[in-house]
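Notes to accompany the following structure.
All of these numbers come straight from a predicted model, not from anything done at the bench.
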Amino acid sequence: MYLDRLEFKKDLLKGFDARCRLLSGAVLIASLVSSKNDMILTAALFVSIAVLFRELRVTFLRLIPVNMMAIALWLPVLCGGNMQSAFIYTLRLNAAALTYMCFVIPMSISVIASSLTKLKVPNKLISLFILTYRYIFLLHERFWTAQKSMRLRNTIHNDVGMWRSLSAVFSSSLVGAHLRGEKVWIAMLARGFDGSFPVTAAFHWRLRDTALLTISILFSIFILVLR
């Protein structure tokens with residue numbers, strides 16, 4: 001759920017109920033990460049890419065960190081490890097990531113939080129999710145603003161100085177976000193916050209939502225039967 005640069009602008013599943021998307025996404029991801037069938041995983045990759053066809057550039061940019069994690073799976077292969085296992089795990093990671101991009105990521109944070117509330121997820125977990133999301137981007141903004149400021153002032157002259165400056169900036173950003181978080185939490189309590197955010201999205205469960213959830217469950221059962 002990146003802002004601006006890697007944010008999805010188009011959502012082909014927008015017409016489906018947000019609760020259905022969360023449930024279907026969770027079921028499909030759980031089944032894909034447990035699958036060992038390379039044909040099914042490859043098919044899931046192509047279907048997800050077809051759904052995200054209008055956002056291919058953002059999709060592939062988002063897959064870069066996913067596959068950087070997958071590189072660690074291939075390091076044992078160089079020492080005589082099992083290539084097939086590394087290939088299956090790589091397919092699992094990409095299939096799960098693409099499914100998550102299709103079902104969950106295009107939704108806004110407020111819709112996701114409201115859907116979790118409707119699905120009876122504990123309020124403390126939802127509050128933690130919302131506040132964590134907010135402060136990850138607060139840290140990002142503080143860090144890159146400070147880095148750009150250092151470059152404009154030409155305070156970085158060599159590699160050693162750069163890393164020292166960046167470590168100081170990152171540390172100050174963490175401390176600043178922590179202090180800001182405490183102030184916000186005190187302000188929320190002073191305004192009567194009881195630990196739960198209100199539901200701000202409208203939900204309408206339709207026949208197509210039932211069909212999508214049913215297909216997701218049947219697909220998961222099919223994968224379990226193949227195992």
Quiz item: Under 4.5 Å between side-chain heavy atoms, hopping through other hydrophobics if needed: is there a path connecting Leu131 to Ile126?
Solution: yes
Quiz item: Roughly how far apart are Ile88 CD1 and Ser35 OG, rounded to 0.5 Å?
Solution: 7.5 Å
Quiz prompt | Separation of Ser34 OG from Ile29 CD1 (nearest 0.5 Å) | solution = 12.0 Å
Exercise. Would you mind reporting whether Ile130 and Tyr133 have side-chain heavy atoms less than 4.5 Å apart?
Key: no
Practice problem: Give, for atom CG of Leu218 and atom CD1 of Ile223, the distance between the pair rounded to the nearest 0.5 Å. | Solution: 11.5 Å
Self-check item: Euclidean distance, Asp38 CG relative to Leu91 CG, rounded to 0.5 Å
Solution: 7.0 Å
Quiz prompt | Heavy-atom neighbours of Met69 CE exceed 12 at 6.0 Å | solution = no
Quiz item: Considering only heavy atoms from C-beta outward, does the side chain of Tyr100 approach that of Arg62 to under 4.5 Å?
Solution: no
Exercise. Decide yes or no for Cys102 and Leu52: does some side-chain heavy atom of the first lie under 4.5 Å from some side-chain heavy atom of the second?
Key: yes
Exercise. Consider only side-chain heavy atoms of I, L, V, M, F, W and Y, link residues closer than 4.5 Å, and tell whether Val184 and Ile109 are in one cluster.
Key: yes
Self-check item: pair Asn67-Asn94: side-chain heavy atoms closer than 4.5 Å
Solution: yes
Exercise. Look only at the side chain of Ser31 and the backbone of Leu28, and say whether a donor-acceptor pair between them is shorter than 3.5 Å.
Key: yes
Self-check item: Trace of the side chain to side chain contact (heavy atoms under 4.5 Å, CB included) decision for Arg54 with Leu12
Solution: CA-CA 9 Å; Arg54 296 183 180 180; Leu12 291 181; 4.2 Å; yes
Practice problem: Run the numbers on Phe129 and Val121 for side chain to side chain contact (heavy atoms under 4.5 Å, CB included), then give the verdict. | Solution: CA-CA 11 Å; Phe129 171 68; Val121 175; over 6 Å; no
Quiz item: Is there a side-chain contact between Val111 and Ser108, using heavy atoms and a 4.5 Å cut-off?
Solution: yes
Quiz item: Is any side-chain heavy atom of Leu22 closer than 4.5 Å to a side-chain heavy atom of Met107?
Solution: yes
Quiz item: Got a donor-acceptor contact below 3.5 angstrom from the Ser24 side chain to the Ser216 backbone?
Solution: no
Quiz item: Given side chains that start at C-beta, do those of Thr117 and Phe197 come closer than 4.5 Å, heavy atoms only?
Solution: no
Quiz item: For the side chain of Asp209 and the backbone of Asp17, is there at least one donor-acceptor N/O pair under 3.5 Å apart?
Solution: yes
Self-check item: Ring centers of Trp74, Phe87 separated by less than 6.0 Å
Solution: no
Quiz item: Would Leu63 and Leu98 count as a side chain to side chain contact (heavy atoms under 4.5 Å, CB included) if you check the C-alpha gap in whole Å, the side-chain angles of each, and the deciding distance to 0.1 Å?
Solution: CA-CA 8 Å; Leu63 285 177; Leu98 286 170; 4.1 Å; yes
Exercise. Would you name the heavy atoms of Val27 and Ser220 that are closest together and state the gap between them?
Key: CG1-OG, 2.9 Å
Quiz item: Applying the 4.5 Å side-chain criterion to the ILVMFWY set and letting contacts propagate, would Leu61 and Phe53 be lumped into a single cluster?
Solution: yes
Practice problem: Look up atom CG in Leu213 and atom SG in Cys20, then write down how far apart they are to the nearest 0.5 Å. | Solution: 5.5 Å
Self-check item: Shared hydrophobic cluster for Phe222 and Leu32 (ILVMFWY, side-chain gaps under 4.5 Å)
Solution: yes
Exercise. Consider only side-chain heavy atoms of I, L, V, M, F, W and Y, link residues closer than 4.5 Å, and tell whether Leu41 and Leu224 are in one cluster.
Key: no
Practice problem: Could you tell me whether Glu55 and Arg57 make a salt bridge, using a distance below 4.0 angstrom between a side-chain N and a carboxylate O? | Solution: no
Quiz item: Are there more than 12 heavy atoms of other residues, nucleotides or ligands under 6.0 Å from atom CZ of Phe219?
Solution: yes
Practice problem: Quick one: pull up OG in Ser115 and CZ in Phe203 and give me the separation to the nearest 0.5 Å. | Solution: 3.5 Å
Quiz item: Thinking salt bridges, do Arg21 and Asp11 make one under a 4.0 Å N-O criterion?
Solution: yes
Self-check item: Chi angles and distances behind the side chain to side chain contact (heavy atoms under 4.5 Å, CB included) call for Arg19, Leu116
Solution: CA-CA 8 Å; Arg19 296 167 295 176; Leu116 293 174; over 6 Å; no
Quiz item: Can you check whether Phe193 reaches Ser127 side chain to side chain, under 4.5 Å on heavy atoms?
Solution: yes
